[in-house]
Amino acid sequence: MVRGRSDGSERPLAAYRESAYMFRQFREEVETALSAALSSLDLPTDDLGVEEPPEDVPATLASSVAFRLAGVVGAPPPKIAVDIAEELSAEGYDYLAAVDTQGPYVNFHVSDAYYDDTLESAATDEAYGRLPATGDSVVVEHTSANPTGPVHVGRTRNPVIGDAVANLLDFAGNDVERHYYVNDAGRQMAVFTWAYETFDEDDLEGEPARERVEYDLVRYYRKGNAFLEAADPEEVERAEAEITEILQGIEEGDEETYARVETVVDQVLGGMRECLERLPAEFDEFVKETRFMFDGSTRDLAERLKETDHAVYEEDAWQLELDDYGFEKNLVFLRSDDTSLYTTRDLAHHEWKFDNYDRAVTVLGEDHKLQSGQLRAALDILGNDVNKLENVIYSWVNLPGGETMSTRKGTGVMLDDLLDEAIDRARDEVETRLEGRTRDDDLDESDIDRIARQVGIGAVRYDIVSKQPTKTITFEWDQALNFEAQSAPYIQYVHARCCGIADEAAAAGLDASEADPAVLTTDAERDLLATIARFPAVVETAADDLEPHTVATFARELAEVFNTFYRECPVLDADEEVGAARLALVEASRNAVANALSIVGVEAPESM
RNA sequence: GGGCGCGUAGCUCAGUCGGACAGAGCGUCGGACUUCUAAUCCGAUGGUCGCGGGUUCGAAUCCCGUCGCGCUCUCCA
């Protein structure tokens, strides 16, 4: 579509795709040029101090190196900055065009080619921002909630962050698989299985809150737990014996017991999976922990642990001393009855990951932080390269008023209800706005359904994914479902606007292939292009740090500069040359917004 | 009590591997729809960056202390 650069040269298509890395290349050029200048002045090059300047500074990158050299050189920073700028040559670079100073800062300016290539790349490449293949396979494990009942909002941070991390790593060039680790061998599932087999429909409290299997079966789980807490001690003892029998059956690999437990597990998990698909959070594999018991790997691993220097046999149980790793208490890996623990099985699980993937990322709540540290230590003791294992830890979601969420007690807001409410509110918005709508594209009933779903669910996801995972967040309806600025709909709206303009332009016969980036001269146009140029670097940093929320922030910033551009720079009513270039800018914006949204897991509507 | 995390505007949050006057949105107040979708834009208002020390040319950011909140310290998961 966009042909030729403003200097008239032609480049092959493959090279356009390479130029998806303009900001990153520019950064390298700045570092190279600055190093060279410092070297020729006999100054140290270990800390270049390259950073992004504040918004009101008209440079793309800057260096604060002059501050640090003041002591070495014995001159004031502004003087040093000038010396460096004079020594620095911007000759021979693609994107570094000029250097100047502003007080103690050395500022670096980009060439026209930087903008030209950004526009070419972003407007023509639907995958704009995607980084080159790393060759790494990465398994992202997230959610992994025990299959005890409906997914509630307290758990929602995990699939939302997890899915975004997986999307991000994928977009950063990795070969990603998404796993849900199913705890099907623990006491909770034994209790559930016993309760499911013991009680009848008549024994249960109330009707299922929703027509789906996990809402039905969770009533058995709650009934079982209530019984164990309150029933006659003799009856409780009898029940406990049955529960223990189930646990031991699993441990011994008894197929009949396994089948009984899986009857419950598979049903409940199936329902939870349907709920998660609404987000949507989908998985390549549901990995059951019983797998690592039945294949003998947990047993083998325990034997190997016993052989290590850290293993001790105390109080009839095999334990691991982890003082060297900063843990005071020992980690028991075999109970006194010789059965394995959750962590033992998880160790086998992680060695399996190491055998099959180059990297393993786990998204988990802060309540699992200690356990994950012990896991890492034990994996290290077993001789694994624990650098392959990375965690993303998130804090709890509070309800206003400090109410806690519990599947067992049946308290908390269910994710299904949250999503239904979000979609209902979004539908109200759509219908309200329909009256004042100026665009005549005749939204029909199915469009309204689609928009309500995209906007409602998008708002919930964005509200969660846009915040730093380490911070505790308070869930409030009005805030999560605010459809205005700093929300998913605000960004989605930009995408819809881009699509609308593209449609109108096509109908009017406007052609972006004639675009000449040199005619984009207003601040609004340059700001938009400069923001789009940063996108690949944003993806790179976010992926390195496993921080999808920075992509959410970028998407919002991009939407803001686009809306200013939209306000000030008409596309269809501009003269043909300017219109064509602006249309290319709209297409570039659409690609960047669509891809940023897809990373954070929010749909990009073509109309709304 | 020990370990870890968090504390930024009335509210919700960016910024946190030291750098240009601490930024948004919501709220409040005031403007802009005969103009590609007003889920928009423009302006005003609003801050002892929990508190106290320290390091530094420079600290919301690093160090020490302290207060508050959360998580955690099971032969649970």
Side-chain angles (χ1 to χ4, degrees), chain A residues 49 51 53-57 62-64 67-68 70-71 76-77 102-105 107 146 183 185-189 289 315-319 326-330 332-337 339 341-343 345-346 365-371 373 393 395-396 398 426 429-430 432-433 436-441 451 455 463 466-468 470-474 476 478-480 482-494 496-505 508 510 545 549-550 552-553 556-557 559-560 563-564 566-574 579 582-583 586 607-608:
Chain A
E51 61 197 56
E55 260 177 60
D56 53 334
V57 174
S63 169
S64 59
F67 283 111
R68 246 155 283 132
Q102 192 171 330
Y105 292 94
N107 288 339
N146 290 350
N183 308 138
R187 178 180 158 84
Q188 285 190 62
M189 293 322 300
E289 65 174 336
E315 296 175 28
D316 299 328
W318 277 97
Q319 315 189 6
F327 299 104
E328 286 181 21
K329 296 213 172 178
N330 290 352
V332 175
F333 63 91
L334 282 180
R335 293 190 181 95
S336 47
D337 65 359
T339 58
L341 288 89
Y342 170 83
T343 306
R345 291 169 232 135
D346 204 19
E366 63 176 343
D367 51 333
H368 288 245
K369 205 168 172 179
L370 178 73
Q371 186 271 331
I393 309 240
S395 294
W396 206 239
N398 291 332
E429 289 289 332
V430 175
T432 303
R433 290 166 200 273
R437 212 162 182 280
T438 54
R439 189 173 178 80
D440 58 346
D441 55 358
I451 295 165
V455 165
D463 183 60
S466 62
K467 290 164 187 167
Q468 280 190 48
T470 48
K471 302 212 183 190
T472 306
I473 54 179
T474 301
E476 290 181 69
D478 287 344
Q479 188 189 310
N482 170 12
F483 296 149
E484 293 181 340
Q486 285 196 357
S487 71
Y490 175 84
I491 301 161
Q492 291 173 312
Y493 191 58
V494 165
R497 277 181 152 175
C498 289
C499 292
I501 294 170
D503 286 349
E504 298 281 338
L510 185 62
D545 300 341
H549 80 273
T550 58
T553 302
R556 196 205 73 223
E557 288 168 354
E560 281 167 6
N563 277 326
T564 300
Y566 179 90
R567 168 92 182 163
E568 295 178 9
C569 304
V571 176
L572 302 173
D573 292 341
R582 286 178 178 171
L583 180 57
V586 168
S607 66
M608 62 186 275

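All heavy atoms count here, side chains included; hydrogens, waters and symmetry mates do not. Just so it is clear: chains get the letters A, B, ... in the order the sequence lines come, proteins before strands, and each one is counted from 1.
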task = Looking at every strand, decide which applies to V586(A) at a 4.0 Å heavy-atom threshold: base, sugar-phosphate, or nothing.
result = nothing
task = Mark yes or no for whether R582(A), through its side chain, and L572(A), through its backbone, hold a donor-acceptor pair below 3.5 Å.
result = no
message = Base, sugar-phosphate or nothing for A70(A)? Non-hydrogen atoms, less than 4.0 Å.
response = nothing
inquiry  = Regarding Y566(A), tell me which of base, sugar-phosphate or nothing describes its non-hydrogen contacts under 4.0 Å with the strands shown.
reply    = base
message = Once you apply a heavy-atom cut-off of 4.0 Å, does T470(A) come out as touching a base, just sugar-phosphate, or nothing?
response = sugar-phosphate
A39(B) OP1/OP2 closer than 4.0 Å to side-chain N/O of R433(A) = yes
task = Provide, to the nearest angstrom, the distance between the CD atom belonging to E568(A) and the P atom belonging to C41(B).
result = 12 Å
task = Determine the Euclidean distance between corresponding C1' atoms of C49(B) and A9(B); express it in Å to zero decimal places.
result = 10 Å
query = How would you label the contact of C569(A) with the nucleic acid (heavy atoms, under 4.0 Å): base, sugar-phosphate, or nothing?
reply = base
request  = Could you measure between the two P atoms, the one in A60(B) and the one in C21(B), and give it in whole Å?
outcome  = 12 Å
task = Go through the steps to decide whether Y566(A) and V494(A) satisfy the test side-chain contact (heavy atoms from CB on, under 4.5 Å), and finish with yes or no.
result = CA-CA 9 Å; Y566(A) 179 90; V494(A) 165; over 6 Å; no
request  = Determine, stepwise, if the pair E504(A) / V571(A) fulfils side-chain contact (heavy atoms from CB on, under 4.5 Å).
outcome  = CA-CA 10 Å; E504(A) 298 281 338; V571(A) 176; over 6 Å; no
key: Distance below 4.0 Å between H368(A) side-chain N/O and C73(B) OP1 or OP2   = no
request  = Using only side-chain N and O atoms of T564(A), determine if any of them is under 4.0 Å from OP1 or OP2 of C42(B).
outcome  = yes
remark   = Separation of A24(B) atom C1' from K467(A) atom NZ, nearest Å, is 13 Å
remark   = To the nearest angstrom, the CG-P distance between N482(A) and G27(B) comes to 7 Å
request  = Give the rounded distance in Å between these two atoms: CG of D463(A) and C1' of A39(B).
outcome  = 16 Å
query = Quick one: on RNA chain B, does F67(A) or A559(A) contact a more 5' nucleotide (nearest heavy atom)?
reply = F67(A)
ask   = Y490(A) side chain N/O closer than 4.0 Å to the phosphate oxygens (OP1, OP2) of A24(B)?
value = no
note = Taken to the nearest whole Å, CD/E557(A) to C1'/A14(B) is 9 Å
ask   = With a 4.0 Å cut-off on heavy atoms, is Q492(A) in touch with a base, just the backbone sugar-phosphate, or nothing at all?
value = nothing
ask   = Between V455(A) and E429(A), does a side-chain contact (heavy atoms from CB on, under 4.5 Å) hold up when you go through it step by step?
value = CA-CA 10 Å; V455(A) 165; E429(A) 289 289 332; over 6 Å; no
request  = For nucleotides C36(B) and G43(B), find the distance between their C1' atoms and express it as a whole number of Å.
outcome  = 25 Å
request  = Report which part of the nucleic acid K471(A) touches: base, sugar-phosphate, or nothing (heavy-atom distance under 4.0 Å, all strands).
outcome  = base
key: Whole-angstrom distance between G7(B) and C63(B), as gauged at atom P   = 14 Å
task = Using the P atoms only, state how far A22(B) lies from A59(B), rounded to an integer number of Å.
result = 12 Å
task = Please determine if a side-chain N or O atom of R335(A) lies less than 4.0 Å away from the OP1 or OP2 oxygen of C76(B).
result = yes
ask   = What's the base orientation of C51(B): syn (chi within 90° of 0) or anti?
value = anti
key: Separation between CZ of R439(A) and CZ of R497(A), rounded to the nearest 0.5 Å   = 11.0 Å
task = Provide, to the nearest angstrom, the distance between the CD atom belonging to Q486(A) and the P atom belonging to C41(B).
result = 11 Å
key: Distance, P atom - from C17(B) to U61(B), rounded to whole angstrom   = 11 Å
query = In the strands shown, is C41(B) matched to any nucleotide by a Watson-Crick or G-U wobble pair with both distances under 3.5 Å, and which?
reply = G31(B)
Donor-acceptor pair present, D503(A) side chain and C36(B) base, under 3.5 Å = no
task = Classify the side chain of S336(A) and the base of C75(B) as holding, or not holding, a donor-acceptor pair under 3.5 Å.
result = yes
inquiry  = Is the phosphate of C75(B) approached by Y342(A) (side-chain N or O, under 4.0 Å from OP1 or OP2)?
reply    = no
query = Roughly how far apart, to the nearest Å, are G1(B) and G18(B) at atom P?
reply = 34 Å
note = Taking for R68(A) and for A185(A) the nucleotide of RNA chain B with the nearest heavy atom, the one nearer the 5' end belongs to R68(A)
ask   = How would you label the contact of V430(A) with the nucleic acid (heavy atoms, under 4.0 Å): base, sugar-phosphate, or nothing?
value = base
inquiry  = Tell me the interatomic distance from R567(A), atom CZ, to A39(B), atom P, rounded to whole angstroms.
reply    = 13 Å
request  = Indicate, with a heavy-atom threshold strictly under 4.0 Å, whether A508(A) touches base, sugar-phosphate, or nothing.
outcome  = nothing
task = Tell me the partner of U48(B), counting only Watson-Crick (N1-N3 plus N6-O4 or O6-N4) or G-U wobble (N1-O2 and O6-N3) with both under 3.5 Å; none if nothing fits.
result = none
ask   = Got a donor-acceptor pair under 3.5 Å from the side chain of D367(A) to the base of A77(B)?
value = no
task = Could you let me know what G23(B) is paired to, Watson-Crick or G-U wobble, both distances under 3.5 Å, or none if it's on its own?
result = C13(B)
ask   = So what does L583(A) touch, heavy atoms closer than 4.0 Å: a base, only the sugar-phosphate, or nothing?
value = nothing
inquiry  = As a quick check of understanding, evaluate side-chain contact (heavy atoms from CB on, under 4.5 Å) for M189(A) and N183(A), giving each step before the final call.
reply    = CA-CA 8 Å; M189(A) 293 322 300; N183(A) 308 138; 5.9 Å; no
inquiry  = Regarding R582(A), tell me which of base, sugar-phosphate or nothing describes its non-hydrogen contacts under 4.0 Å with the strands shown.
reply    = nothing
Rounded distance (Å) that lies between atom C1' of C41(B) and atom CZ of R556(A) = 16 Å
task = Just call it for A62(A): base, sugar-phosphate, or nothing, with non-hydrogen atoms closer than 4.0 Å on any strand.
result = base
message = What I want to check is whether an N or O donor and acceptor connect the side chain of E484(A) with the base of A39(B) at under 3.5 Å.
response = no
query = Distance check: side-chain N/O of Q468(A) vs OP1/OP2 of G15(B), anything under 4.0 Å?
reply = yes
ask   = Touch check for E55(A), heavy atoms < 4.0 angstrom, all strands: base, sugar-phosphate only, or nothing?
value = nothing
key: G68(B) versus G50(B) - spacing of their C1' atoms, nearest Å   = 8 Å
query = For A60(B), which nucleotide is its Watson-Crick or G-U wobble mate, given both distances must be under 3.5 Å?
reply = none
